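Quantities reported herein were computed from a predicted structural model and do not represent experimental measurements. The first residue of the sequence shown is numbered 1, and numbering continues consecutively from there.
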Amino acid sequence: LIVDNWCDALLNDQIDDGMPMDLVDAYWGQPVETQEFVEYYVPYEVCTYRTADGDYRQVNYKNGVVSRSTSNVADVRIR
C-alpha cells in the first residue's frame with residue numbers, strides 16, 4: 001500500500017519522506033547533480049533531478065531514503 005502511495009506521488013512529481021532512493025531514481029532517472037553534507041554528525045545527500053516537464057526537484061536522502069533535514073547545513077561538497 002505504501003508503494004502505491006509513493007508511485008502516485010511520483011506521478012504528480014512529488015516526493016514523500018521514507019521513499020527509497022532507488023524508486024526516485026527509477027522514475028526520474030539519475031540526478032543531474034549530487035551534493036553530500038553532514039548535519040549534526042549525520043551524513044545526507046542532496047540530489048537534483050530533472051522531471052519530464054523540464055522542472056528540477058531537490059531531494060534530501062539519509063541512508064538511501066528521502067528525509068527532511070533541519071535548516072543548518074554544513075560541509076557541502078559537490079560530486
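Hydrophobic clustering (side-chain heavy atoms under 4.5 Å, transitive across Ile, Leu, Val, Met, Phe, Trp, Tyr) keeps Tyr61 apart from Tyr40. Taken together through direct or relayed side-chain contacts under 4.5 Å among Ile, Leu, Val, Met, Phe, Trp and Tyr, Val46 and Val65 form parts of separate hydrophobic clusters.
For the pair Tyr56/Thr51, no side-chain contact is recorded, criterion being any heavy-atom separation below 4.5 Å from C-beta on.
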Show me, pair by pair, the donor-acceptor contacts under 3.5 angstrom made by side chains of residues 7-32, not counting sequence neighbours?
from, atom 1, to, atom 2, distance (Å)
Asn12, ND2, Asp8, O, 3.3
Asp13, OD1, Trp28, NE1, 3.2
Asp25, OD1, Tyr49, OH, 2.5
Tyr27, OH, Leu10, O, 3.4

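Of all heavy-atom pairs between Ser67 and Lys62, the closest is CB-CB, 3.7 Å.
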